[in-house]
Amino acid sequence: AKEAGRGGFCFFAGDMNAQALQRLTLENDLRRALDNGELEVFYQAQVALVDGRLTGAEALVRWRHPEKGLVPPAVFIPVAEETGLIVSLGEQVLRAACHQLATWQRQGLPRLTVAVNLSPRQFRQPDLVDRVAAILAETGADPGWLELEITESAAMQHAEETIRALRRLREMGVSLAIDDFGTGYSSLSYLKRFPIDKLKIDRSFVQGVPDNGDDAAIVQAIIAMARSLGLALLAEGVESAAQRDFLQAQGCAVAQGWLFGRAVPAAAFERDHLAGHGA
Ligand code: C2E
Ligand code: CA
Ligand code: CA
Ligand code: CA
């Protein structure tokens, strides 16, 4: 039994080393990717359920790895977050999205919201607001077109500092959304203190509607909560007409999901969603 135990331990340790090595390789690869401009921003449509009209786009980062091809964010965002690389990654994405929205503005498109994800680590930078202001100035992007998405848990940490930062962003004209809403633990009273504009209902709940009673109840509760706080709503991950119909019937006006389009490069987004809007 002792032998087996030791063997088990050795196997485990070896496994850990392989994992650590893989992580280190990924970290080095990612550093190079940031320097070489291998990151690209894709856009996913956000639409009004009543008529399918485009209301905005979420900017989602993709990594075009020279050998591995397109690497999904689930693989590298956690590593970027752990190593702190997320700060420069997030800034690259914000800059690219602001350049893009400035281009759409100049083309005379009706206003649409371009939503950019802010990681918890970016959000904790003391000079975040100044950095956002600098990128807006540099790109000529209208702050009224920019929405920043933060997760519930990031918002709930260091509440007082967070509220101050959110206020300043809003004073600049940037709007704010809580991402993955429902997966954290914010209470109604807590939420009320946050200067935010929108709740994004997490995909995990949307997936279950209309058939799963628990998910349906949660989605209804979130919609009621948003209404009583005067917040806008967006449902994430809508894949079926049945989900869309349920959400619309319950009073959720805007959605995002594969039913309306996947995240695609800017050129494809323009072709699929902006043609006929002046682009
Ligand atoms: P998220 O912010 O919740 O983004 C939504 C994710 O759901 C995206 O995955 C999107 O492609 C996917 N999605 C959209 N509609 C559907 C649908 O109908 N069905 C399904 N199954 N999935 C759908 P993606 O692009 O792989 O991004 C995953 C996560 O990586 C994002 O989740 C976000 O947390 C993070 N991420 C992506 N880009 C950035 C970024 O620029 N900065 C930061 N900090 N995080 C990012
Ligand atoms: Ca998001
Ligand atoms: Ca989300
Ligand atoms: Ca998510």
Side-chain angles (χ1 to χ4, degrees), residues 39-62 89-119 122-123 128-151 154-155 165-179 181 194-200 226 230-236 252-257 260-279:
L39 297 182
E40 191 177 328
V41 179
F42 279 27
Y43 297 88
Q44 186 180 29
Q46 302 178 331
V47 305
L49 290 179
V50 65
D51 54 6
R53 184 180 47 88
L54 187 79
T55 62
E58 179 173 3
L60 293 159
V61 69
R62 296 291 181 266
L89 184 156
E91 256 188 59
Q92 283 194 14
V93 173
L94 180 62
R95 186 170 289 110
C98 285
H99 266 299
Q100 186 59 67
L101 88 79
T103 303
W104 287 333
Q105 250 169 251
R106 283 194 301 270
Q107 289 171 343
L109 291 176
R111 197 179 79 91
L112 57 112
T113 319
V114 177
V116 178
N117 292 284
L118 270 194
S119 88
Q122 265 180 293
F123 198 68
L128 171 77
V129 180
D130 299 328
R131 283 166 180 266
V132 173
I135 290 173
L136 285 166
E138 171 195 327
T139 56
D142 179 346
W145 288 45
L146 179 65
E147 181 169 85
L148 296 175
E149 297 190 1
I150 56 172
T151 59
L166 295 179
R167 278 219 184 95
R168 285 182 57 207
L169 287 166
R170 258 179 135 198
E171 278 161 16
M172 283 162 42
V174 174
S175 65
L176 304 163
I178 301 286
D179 202 2
F181 189 77
F194 281 78
I196 51 168
D197 302 283
K198 184 184 286 179
L199 301 180
K200 294 189 78 177
L231 298 173
L233 269 173
L234 180 148
E236 292 193 284
C252 176
V254 181
Q256 180 182 340
F260 314 105
R262 302 215 175 204
V264 291
F269 184 84
E270 290 177 351
R271 191 189 59 225
D272 296 348
H273 301 284
L274 298 178
H277 285 85

Would you say that T151 contacts I178 through its side chain, given a criterion of any heavy-atom pair below 4.5 Å between the two side chains? no
Nearest-0.5 Å distance that lies between atom CD in Q100 and atom CH2 in W145: 10.5 Å
F194: what forms a ring-ring contact (aromatic ring centres under 6.0 Å, His included) with it, not counting sequence neighbours? Y190
Residues at least two apart in sequence or cross-chain that pass side chain to side chain donor-acceptor pair (under 3.5 Å) with R170, listed by chain then number, are D197
Could you go step by step and tell me if R53 and L112 meet the side chain to side chain contact (heavy atoms under 4.5 Å, CB included) rule? CA-CA 11 Å; R53 184 180 47 88; L112 57 112; over 6 Å; no
When you compare the side chain of K198 with that of S175, does any pair of heavy atoms fall below 4.5 Å? no
Can you measure from CD1 (I135) to CD (E91) and round to the nearest 0.5 angstrom? 4.5 Å
Check the side chains of N117 and Q122 for a donor-acceptor pair under 3.5 angstrom, ignoring hydrogens and angles. no
Are side-chain heavy atoms of I196 and L166 found at a separation under 4.5 Å? yes
Got a second to check how far L234's CG is from Q46's CD, nearest 0.5 Å? 5.0 Å
Using the test side chain to side chain contact (heavy atoms under 4.5 Å, CB included), find all partners of R271 that sit at least two apart in sequence or belong to another chain. A268
Looking at residues at least two apart in the chain, or sitting in another chain, which of them share a side chain to side chain donor-acceptor pair (under 3.5 Å) with T55? none
Separation between CG (L109) and CG (L101), nearest 0.5 Å, reads 10.5 Å
Looking at every heavy atom in both A97 and A59, which two are closest together, and how far apart are they? CB-CB, 4.1 Å
Minimal heavy-atom distance between C252 and L49, with the atoms involved, is O-CD1, 3.2 Å
Could you check whether any side-chain N or O of Q105 sits under 3.5 Å from a backbone N or O of D142, counting only pairs where one atom can act as donor and the other as acceptor? yes
Could you check V47 against H273 for side chain to side chain contact (heavy atoms under 4.5 Å, CB included), going step by step and ending with a plain yes or no? CA-CA 10 Å; V47 305; H273 301 284; 5.6 Å; no
By side chain to side chain donor-acceptor pair (under 3.5 Å), R62 pairs with (sequence neighbours left out) none
Who passes side chain to side chain donor-acceptor pair (under 3.5 Å) against Q92, sequence neighbours left out? none
Give the minimum heavy-atom separation between F42 and A263, together with the two atoms involved. CD2-O, 3.4 Å
Tell me the closest heavy-atom pair linking P195 and L176, and the distance in Å. O-CD1, 3.3 Å
Any idea how Y43 and F269 line up, ring-wise: parallel (<30°), tilted (30 to 60°), or perpendicular (>60°)? tilted
L148 and L94, any side-chain heavy atoms less than 4.5 Å apart: yes
For the residue pair L199 and A226, what are the closest heavy atoms and their distance? CD1-CB, 4.0 Å
For Q44 and E58: C-alpha separation, side-chain torsions, deciding distance, then whether side-chain hydrogen bond (donor to acceptor under 3.5 Å, both in side chains) applies. CA-CA 5 Å; Q44 186 180 29; E58 179 173 3; over 6 Å; no
Considering all heavy atoms of both residues, which atom of F260 and which atom of A255 are nearest to each other, and what is their separation? CE1-CB, 3.9 Å
Check whether any side-chain heavy atom of M172 lies under 4.5 Å from a side-chain heavy atom of L136, and answer yes or no. yes
